[in-house]
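Because the structure is predicted, anything quoted here is derived from the model rather than measured.
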Amino acid sequence: MVQDKAFAPNRSVQFCLGVDLGSRHLRIGLVDRTGEVLAFRRETYQVVPANPEQNRALVDQLLAAVRQMMDEHPGQVAAIGVGFPGLVHQITHRVIALPNVPSFANLDLYQEFERVFNLPIAFENSSNAAAFAEMTCGAAQGVSDWLYISIGTGVGSGLVLDGKLRRGKSGFAGEIGHININPDGIECACGSNGCLETIASVPNIVRRTRARLQRDSTSSLSRLGAERISYEDIINAAEQGDDLARMMLERTGHFIGMAVADMINALNLSMVAIGGHPKARPFLVPAITEEACRRAFPASFEDCQIVAARLGEEAGVVGAALLASKLV
């Protein structure tokens with residue numbers, strides 16, 4: 001985690017705040033215009049999807065976290081950027097769909113942020129924000145046509161063409177997690193069946209591994225109990241050479257590679273950068289590359305390099321702040 005740094009108390013120097021609302025964690029950081037993080041913190045939160053009153057408490061926690069960091073760095077914040085793991089309408093600034101907190105779609109959070117803080121506000125999809133960070137100060141600097149993929153509670157992406165972040169008509173582009181790779185697969189939160197997210201998101205990697213452990217007791221994960229294992233446990237076991245854990249991550253990579261091949265064929269990309277848990281990337285990237293090589297047009301695949309994203313958990317925070325900095 002990035003620790004607070006001392007910086008010059010020159011009040012004429014201004015920074016931006018970046019906020020990344022994850023599935024269970026709220027991340028917030030003070031970021032300069034080069035993408036350097038000067039202060040960073042992470043808070044946990046709990047959401048009950050059917051309880052709008054409790055989810056209102058999350059809005060209050062979000063506002064309080066921003067206010068606290070602004071109070072800790074008075075006069076230093078020029079704008080605020082917030083990344084949401086869902087659909088953000090770029091014209092109305094409304095959070096249209098947020099699976100983890102559906103009641104957010106009924107709130108005008110953008111107007112509330114403007115009213116409370118009286119600063120320029122940028123709302124963005126969190127994967128788009130992370131992609132903007134990677135193209136500014138990460139793995140994709142100087143790359144014109146590329147795709148960022150984030151593997152987390154969902155599978156999101158940010159698309160960059162001609163050096164610009166592409167959001168589509170309303171801001172909803174880049175939902176690679178909802179490319180269908182198995183028409184007979186399980187139901188997805190989006191209402192379809194067999195989306196990439198139903199296999200390759202973190203909860204579904206864990207679900208698939210738990211099911212496998214019911215038939216295979218040779219893995220070191222068995223000692224933890226199938227119903228108790230976490231994604232972190234799977235990654236740690238893979239690092240220690242556990243065959244089943246490695247296989248589950250590599251199979252996940254192959255499923256992602258199927259979708260990546262489609263994107264390479266459709267867009268003739270020059271790079272695909274894989275985000276998510278940094279320790280999972282060494283297992284996922286080679287498998288994604290292998291499957292994409294097998295399925296994409298050879299000439300298109302040769303044009304494209306598949307790499308691990310460079311930034312860690314602060315990527316969404318950095319990207320949100322940098323997008324906000326464009327408003328001032």
Enquirer: Who clusters with I91? Use side-chain heavy atoms, under 4.5 angstrom, across I, L, V, M, F, W and Y, and order the result by chain and number.
Expert: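 Members alongside I91: none; it stands by itself.
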Enquirer: Distance only, no hydrogens: is a donor on one side chain within 3.5 Å (strictly under) of an acceptor on the other, for H277 and E232?
Expert: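 Yes - a donor-acceptor pair under 3.5 Å links their side chains.
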Enquirer: So, for F172 and H89, is the gap between ring centers shorter than 6.0 Å?
Expert: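 Ring centres of H89 and F172 closer than 6.0 Å.
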Enquirer: Which residue pairs satisfy the side-chain hydrogen bond (donor to acceptor under 3.5 Å, both in side chains) criterion with at least one member in residues 167-191, sequence neighbours excluded?
Expert: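 Every pair satisfying side-chain hydrogen bond (donor to acceptor under 3.5 Å, both in side chains) with a residue in residues 167-191: E124-R167.
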Enquirer: I'd like to know if E134 pairs up with R310 as an ion pair, taking the criterion as any Lys NZ or Arg NE/NH1/NH2 lying under 4.0 Å from an Asp or Glu carboxylate oxygen.
Expert: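 Answer for the salt bridge query: no.
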Enquirer: Between V59 and L109, is there a side-chain heavy-atom distance shorter than 4.5 Å?
Expert: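 Contact flag for L109/V59 side chains = yes.
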Enquirer: Show me the pairs that pass side-chain hydrogen bond (donor to acceptor under 3.5 Å, both in side chains) and involve residues 252-263, at least two apart or across chains.
Expert: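 Sorted pair list: R208-T252, H254-E291.
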Enquirer: Salt bridge (Lys or Arg N to Asp or Glu O under 4.0 Å) with R212: which residues, sequence neighbours excluded?
Expert: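 With neighbours one apart ignored, the set is empty.
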Enquirer: Please list, chain by chain and in numerical order, all residues satisfying ring pair (Phe, Tyr, Trp, His ring centres under 6.0 Å) with F117, sequence neighbours excluded.
Expert: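 Per chain and number, F117 pairs via ring pair (Phe, Tyr, Trp, His ring centres under 6.0 Å) with F113.
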Enquirer: Give a yes or no on whether E239 atom CD has more than 12 heavy-atom contacts from other residues, nucleotides or ligands under 6.0 Å away.
Expert: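 More than 12 heavy atoms, drawn from other residues, nucleotides or ligands, come within 6.0 Å of this atom.
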Enquirer: For N118, look at atom CG and say whether over 12 heavy atoms of other residues, nucleotides or ligands are found less than 6.0 Å away.
Expert: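 Not more than 12 within 6.0 Å, no.
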Enquirer: Please indicate whether K279 has more than 12 foreign heavy atoms, meaning atoms of other residues, nucleotides or ligands, lying under 6.0 Å from its NZ.
Expert: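 Counting other residues, nucleotides and ligands, NZ of K279 exceeds 12 neighbours.
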Enquirer: Got a sec, which pairs hit side-chain hydrogen bond (donor to acceptor under 3.5 Å, both in side chains) with one end in residues 214-227, sequence neighbours left out?
Expert: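 Qualifying pairs: D216-T218, S219-D242, S220-D242.
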Enquirer: Closer than 3.5 angstrom, by distance alone: can the side chain of R246 be matched with the main-chain N or O of A238 as a donor-acceptor pair?
Expert: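 A pair under 3.5 Å: yes.
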